[in-house]
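One structure below.
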Amino acid sequence: MAKPISPKLNYYAALLAVAGGTVVLIPFRAHINTTTVALALLLVVLFVAMTIGSKPALLASVLAMFGYNFFFLPPLHTLTIADPQNWIALAAFFITSLAVGQLSARARRRAQESETARGEIRRLYEELQEAFDRASEAEAIKRSERLKTALLDAISHDIRTPLTSIKASATLLLEDRDEADDAAKLSSQEQQAMLEVINHGADRLDRFVEGLVELARIEAGDVHLHRNWRSIEDLIEAALAQAEPLTQNHKIEVMVPDELPVVRVDGRAVTEVIYTLLDNACKYSPARTEIKIGARLNSPDSIEVAVEDRGPGIASRYREKVFERFYRIDENGLAKGHPNGIGMGLAIAKGIVEAHGGRISIADPETSHGTRVVFTVPVGDDVVPDQKAQAKPKGAAAWPD
Amino acid sequence: MADPKPRILVVDDEPQITRVLLRSLTSKGYDVRIAADGEFALQSFRDSPTSLVITDLAMPNMGGLELCRRLRAISDVPIIVLSVRGEEKTKVEALDAGADDYVTKPFGMDELLARIRATLRRQPVKDAQARIFEVADFRIDLDAHVASRGGEELRLTPKEFDLLAHLMRNAGKVLTHRSLLGAVWGGDYTEQHEYLRVFIGQLRKKIEPDPSKPRYIITEPWIGYRFNPE
Amino acid sequence: MRSFSPVKSRWFGFVIAICAVGVATLPLKLLGPHINPTTVALAFLLIILFIARAWGPAPAVCASVVGILSLNFFFLPPFGTFAIRDPANWIAFVAFMVTAITVGQLSGNAKQRAEDAENAKREVERLYYELQDSFDRSSQAKALKQSERLKSSLLDAVTHDFRTPLTSIKASATAMLDDIYGTERDYAAPALDQEARKEMLQVIDEEADRLDRFVEGLTKLARIDAGDMHLQLQPASVEEMVTAALKRAEPRTRSHRLEVWIEDLPPVTVDEHAMSEAIYTLVDNAAKYSPHESPITVRASHKNDRAIIISVEDHGPGIRAEVRDRVFEKFFRAMRDGDISDRRVAGTGMGLAIARGIVEAHHGHIWVEDAGGGQGARFVIELPIDQDLASARAN
């Protein structure tokens, strides 16, 4: 139904409608009685109300009433009415046409208003979504900045040190070339030593930056785990392989039962966790002592892995803090809050374990002294049991062979 | 070495590293060409015979991955990619795109030189259709379905046989989990890395003198496996 | 007219329809000779309208039917029968049917539409409030995800800028070590000749410097972020600062045509060292991003009695309007369109961020605009002459 363009036009339209209706009815005056006319004019008013609006319908009602009176109620062509019945009829007509007109128009208006309101709300909704996006982005940038600062914070000391060594060695080697005095020239051994310094410095820097970045990612909640079904035994094996140079001076004992279910984890990341624990165990326990790695089913849906050494152990009051980044306990057992690159391993391990939904903690050693680090990984939650059964390596016989 | 002076094409947009590689590789007797991006690399490759391509992965315009694909489309030339540590996905992609081996940056020159030597020494089974071929002291006869080492026959299950044959055919090349699984078991099994691990373990028990210290089937952690022909 | 609660079922409406018409018939009949059928018809219509508004089209139809029957039976002669004698009354009867149904339908439908629209409106309102809720609750999550993306590319940029020099350093050192071991093992002459060794050492040296500069930049950025800059503010001569910066940039600008226009300016209260560095960055950028032999124009002039302007203009490709704000972001170069391999131009992407940090710490402004007359960019620094005044105004 077309919306009228201007109010004046509406009234003209209403007038036209009533006039039209009246004109159409006049010729039939002989054959139809006043009831019919009333009903017909009523329809006109209704039509006006539905298509144009309530005020024009009001006008239509009034006009129709006069038209009805003038053209159809005897005496014709006068506004007087002879028959009292017709007075009542006229009144009834007026009332009814008003009612019909106004109520219909109102209903239509309500419908329109609701539509408009709905349109408004939708617009607000979209604006809100937009603001949502913008605000999130602003907040994202803010968080990003904050974390960048924290990252940059740790940089100075741990980067400057190896960098200085590299620079110093390189400078010495370069200057040595121009050294005319043969006696003062660096021997081949000395040159070699300097180059080793440079080489190791580069390695240290590389490891540091990598740890830093990984830590930053973990703190940002940006741990992208590529989960796959893996057996804990494999991961332990991989970690051991990686840690081989470190574990030369220790006795490694691995205790993993056969029937452990596979877990859905990021293999590389969990291997890194085990590697870190191994690394720490080797670093902080005397040579030729035992390091035990064990795994067991903790509960129907989690596996516990423990790495235990025979070193001095960690006092209870530090057992939480060692997982803080850059935390390190020095020889006097005193806490060191100073940024120190090597203190990142446990923080990273914690980040990885927790990203899998597990927990990591320092437990009491099984024997008299030592450090026992325990972490859990959930077996795997959001996967169809079918796949689980399929993935068990023991079922290899079921495979096409 | 196949040629008296193998030509190595080094593709990297970092001038400092190419300086070092140029000096070092030249001093080892290689003929070195440098290209700063994929386009120049392809040009150089077409212009003159190349024995080996070493390419960085992150480069402007055409990246290393794309270069691998384009090179593979026109040649079997060995490709070693230089990748950043921790980016397993990119390494796997590069290997699947046709690279033979990878070296993680920052690398020791000794490591790179060793990989170069190994790659150049590798003589891929020339005839892809060959039914009998030998690598190291292993011998495989596809028609007779017999595998042997040092003359002694190996008792392998059908899949172990297929696996060994595929590894031997691509000796020296790093094969990703998915490419191995796809080649031996077919497309539906490419994500079942655990299964592959089991079979590799079984195969190792049968062919390795010391399965706990594998000599022939080398694990490339999180990437795949490699058959070492030496 | 009151709107009835929609809880009232349609069945109730049907019942009312029948009753209402029935009930109305009685008094109308009693009014007998005083009213004519027109009035009755209109009265029934009112009822039908009422029913349509309250219970919808279907009960209205029911009322219409009952009304039609009643009208015929009770009010159209002969009374008490369904026959109609007068043809005019037949027409009226039909007209009534039509009107009744029409009114019933239209009104009923209008009511329906109104209800539907109301429901829809309420639905949307609900969604809106829900969204507001989830906005508050999950703006964390979304921010995190977006921040992840940002951070990832930032971290990628940082690691890349670290790893690249490290790679060259390690490659050089190990190449030389390998050579030494080789000579020892094989009792052979070293494969690397003097030139080669020299070059390798140079690479180590240069790349170590590069790393150092990068770390330096990062630390500065960190300090800027933390508001921790330790500026030493003193009256300084603009000419001296600019000259110092240009002198430092001389190796870069050698192959460009440098034009310097410095007005007679009062001393400005700045950290001379820091400001000179900011200017140096602009000049360095200009040299880096514009072709050889092209002019670089450095100007220092009054803006008004409270501020001065220092600008550096080049004839390079210029800066696209869309990124003019972003060039001052940390690592922008590396983050451009998220493509860290877009390293066509050298640099770490920190210089401008640092320059901005410095300028803003002085309560100044820095921006980039089109170079006058054609291609190129003009970087502009506006500085207040009096820091105290400026900082007072800022607080």
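Residue numbers start from 1 in every chain, and the chains themselves are labelled A, B, ... in the order their sequence lines are given, proteins ahead of strands.
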Q.
Report which part of C:Glu216 has an atom under 4.5 Å of a heavy atom belonging to chain A: side chain, backbone, both, or neither.
A. both
Q.
Return the CG to CG distance between C:Leu177 and A:Leu195, rounded to the nearest 0.5 Å.
A. 4.5 Å
Q.
Looking at every non-hydrogen atom in both residues, tell me the closest pair between A:Gln192 and C:Ile180 and how far apart they are.
A. OE1-CG2, 3.5 Å
(Q) Using 0.5 Å steps for rounding, measure from the CZ atom of A:Phe94 to the CG atom of C:Leu42. (A) 13.0 Å
For residues 33-40 of chain A, tabulate all N or O donor-acceptor pairs below 3.5 Å that involve a side-chain atom, not counting sequence neighbours.
residue: A:Asn33; atom: OD1; partner: A:Thr35; partner atom: N; Å: 3.4
residue: A:Asn33; atom: OD1; partner: A:Thr36; partner atom: N; Å: 3.3
residue: A:Asn33; atom: OD1; partner: A:Thr36; partner atom: OG1; Å: 3.0
residue: A:Asn33; atom: ND2; partner: C:Asn89; partner atom: OD1; Å: 2.5
residue: A:Thr34; atom: OG1; partner: C:Thr38; partner atom: OG1; Å: 3.2
residue: A:Thr35; atom: OG1; partner: C:Thr38; partner atom: N; Å: 3.4
residue: A:Thr35; atom: OG1; partner: C:Thr38; partner atom: OG1; Å: 2.8
residue: A:Thr36; atom: OG1; partner: C:Ala92; partner atom: N; Å: 3.2

Q) chain C: which of A:Leu174, A:Ile166, A:Asn86, A:Leu205 shares the most heavy-atom pairs with it under 4.5 Å? A) A:Leu174
Q) With only heavy atoms counted, which part of C:Phe93 is less than 4.5 Å from chain A, the side chain, the backbone, both or neither? A) neither
Q: Give, for atom OG1 of C:Thr99 and atom CG of A:Leu43, the distance between the pair rounded to the nearest 0.5 Å.
A: 4.0 Å
Q: Pick whichever of A:Met194, A:Lys167, A:Gln191, A:His200 has the most heavy-atom pairs under 4.5 Å with chain C.
A: A:Lys167
(Q) Measuring only between side-chain heavy atoms, which start at C-beta, is C:Leu46 closer than 4.5 Å to A:Ile95? (A) yes
Q: Would you mind checking which part of A:Gln102 comes under 4.5 Å of any heavy atom in chain C, side chain (CB onward), backbone (N, CA, C, O), both or neither?
A: neither
**Q.** Residue among C:Leu201, C:Asp205, C:Ile204 satisfying side-chain contact (heavy atoms from CB on, under 4.5 Å) with A:Thr171
**A.** C:Asp205
Q | A:Phe47, part contacting chain C, at a heavy-atom distance under 4.5 Å | A | neither
Q. Under a 4.5 Å heavy-atom cut-off, does chain C meet the side chain of A:Leu42, its backbone, both or neither?
A. side chain
